[in-house]
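Below are the structure tokens for one structure; questions will follow.
Values below: every heavy atom of this structure, side chains too, minus hydrogens, waters and symmetry copies. Chain A is the first sequence line, chain B the second, and so forth, proteins listed ahead of strands; every chain is numbered from 1.
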There are 2 protein chains.
Amino acid sequence: MAKTKKKESQWETATNEKLAEAGFRRGGARAAVVSLLDEQSCALSAYEIEELLAARERAVGRASIYRILEQLDELGVVSKVELGQAQARYEPIRPDHHHHHLVCDKCGAVIAFDDAPLERAVDSISKRVDFAVEGHEIVLHGLCADCR
Amino acid sequence: MAKTKKKESQWETATNEKLAEAGFRRGGARAAVVSLLDEQSCALSAYEIEELLAARERAVGRASIYRILEQLDELGVVSKVELGQAQARYEPIRPDHHHHHLVCDKCGAVIAFDDAPLERAVDSISKRVDFAVEGHEIVLHGLCADCR
DNA sequence: CTAGCGATGAGACTGATTCTCAGGCTAGCT
DNA sequence: AGCTAGCCTGAGAATCAGTCTCATCGCTAG
Ligand SMILES: [Zn+2]
Ligand SMILES: [Zn+2]
Ligand SMILES: [Zn+2]
Ligand SMILES: [Zn+2]
């Protein structure tokens, strides 16, 4: 069966470069995770990643998934987001698509949103506090249109 | 030994009233947790609550602590905050002391801060989205002054 | 082509949180 | 005050996400 050769996006390319620069060797498991993340516009849980990869012809061990996600997080190419759902989610960081999340407390739906004034307010605070701010996470809780 | 009779604050009083209104009976475990939370200005983890209560003369079972915190969260008098530390923290909601947190990724220190422009930005978004926003959580990650 | 060493994954382990259920206590009634 | 229904508690088992261990696999420098 012919393998679907997808076009690598900016993110996947940049991520592979950073991995190489950081001294990592190439490996099938990591490539599969990076490739899957590259297709996402919002966050996936480690469990979802495990399932999606298994559904393709490239299952990856759970230990590897967590190890890889941690490496990507440290490299600054992936963001670990805690939406108060007792499990972390991970999404690729694309400078041109910075966003935050609305979480439905009833059905768990996650909706992305972005807002310039909000970012400005956060940047402003970051400069004022005696703290080296490296990132921020903003989550709005409530009920989605369907659950209301 | 004389028991230190503390003055009930606005929060503890209001919480007890809401519990009664919601049809809850009174109970020693819950009263102890509510009283402890009332003394806090920022968030405690369930484990810390368990220890602090045990250190006094009123140990409360772990199951009860979690059950009670969940009830208080549902009543809207306690906020469950996830600071990305693999464990939730809980703090009383005091309308006049609304705040958010700075978390040191190195040592885990939690520092509270508040910012009017930030709240305004969040309120503004809340009104614009097709989502019934009931609350929000903002966490800034980075390195505290000591760990830098 | 081969050795050396990073990459991988099965499964045990940990730690936080949730569940179960027997016994305790409150609130309401007599 | 005494009695009862049913909420309140807590010890310990069960879950579950996430972490660790370690034997094996497979890059890649040479
Ligand atoms: Zn997202
Ligand atoms: Zn919903
Ligand atoms: Zn706080
Ligand atoms: Zn620190």
Worksheet item: Which part of the nucleic acid does B/Y47 contact within heavy-atom distance under 4.0 Å: base, sugar-phosphate only, or nothing?
Response: nothing

Discussion item. Is it the case that the side chain of A/R58 and the backbone of A/G28 share a donor-acceptor pair, with hydrogens and angles ignored and the cut-off at 3.5 Å?
Written reply: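 Between the backbone of A/G28 and the side chain of A/R58 there is a qualifying donor-acceptor contact (under 3.5 Å).
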
Fill in: Nearest-neighbour nucleotide for the B/A63 side chain, C/dC25, C/dT20, C/dG9 considered
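Within the option list, the nearest is C/dT20.
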
Worksheet entry | Nucleotide nearest B/A46 when distance is taken to its side chain, options C/dC25, D/dT9, C/dT17 |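 The closest nucleotide is C/dT17.
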
Worksheet entry | Validation row, ring centre B/H101 to ring centre B/H99 under 6.0 Å |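 Centroid distance B/H101-B/H99: below 6.0 Å, so yes.
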
Item to complete: Using whole Å, report how far CD of A/E50 lies from P of C/dT8.
Response: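 It is 15 Å, rounded to the nearest whole Å.
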
Worksheet item: Hey, are B/R26 and B/E17 close enough for a salt bridge, meaning a charged N less than 4.0 Å from a carboxylate O?
Response: no

Worksheet item: Is there a donor-acceptor contact under 3.5 Å linking the side chains of A/S45 and A/Q87?
Response: yes

Practice prompt. Report yes if a side-chain nitrogen or oxygen of B/Y66 is closer than 4.0 Å to either non-bridging phosphate oxygen (OP1 or OP2) of C/dT17; otherwise report no.
Written response: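 For B/Y66, the contact criterion (side-chain N or O under 4.0 Å from OP1 or OP2 of C/dT17) is met.
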
Worksheet item: Nearest to the side chain of B/A29, which nucleotide is it out of D/dT28, C/dT17, D/dG10?
Response: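 It is D/dG10.
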
Worksheet entry | Proximal nucleotide (of C/dT8, C/dT17, D/dT9) relative to the B/R62 side chain |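 Taking heavy atoms from C-beta onward, the closest nucleotide is C/dT17.
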
Discussion item. Side-chain N or O of B/R67 versus OP1/OP2 of C/dT18: is the shortest distance under 4.0 Å?
Written reply: no

Item to complete: Find which nucleotide of DNA chain D each of B/R30 and A/S64 is nearest to by heavy atoms, and output the residue with the more 5' nucleotide.
Response: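 In this pair, the answer is B/R30.
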
Discussion item. If you assign each of B/F24 and A/I68 to its closest nucleotide in DNA chain C, which residue comes earlier from the 5' end?
Written reply: A/I68

Worksheet item: Is B/G28 touching bases, backbone alone, or none of the nucleic acid, heavy atoms closer than 4.0 Å?
Response: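 If one applies the 4.0 Å heavy-atom cut-off, B/G28 turns out to touch the sugar-phosphate alone, with no base involved.
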
Discussion item. For A/H98 together with A/H136, are the ring centres under 6.0 Å from each other?
Written reply: yes

Worksheet item: Considering only D/dT9, D/dA17, C/dC25, which nucleotide approaches the side chain of A/Q87 most closely?
Response: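 Given the options D/dT9, D/dA17, C/dC25, the side chain of A/Q87 is closest to D/dA17.
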
Discussion item. Any side-chain N or O of B/R26 below 4.0 angstrom from OP1/OP2 of C/dC25?
Written reply: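 Looking at the OP1 and OP2 atoms of C/dC25, neither is under 4.0 Å from any side-chain N or O of B/R26.
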
Worksheet item: For A/R89, which contact category applies under a 4.0 Å heavy-atom criterion: base, sugar-phosphate, or nothing?
Response: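 The residue A/R89 makes no contact with any strand.
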
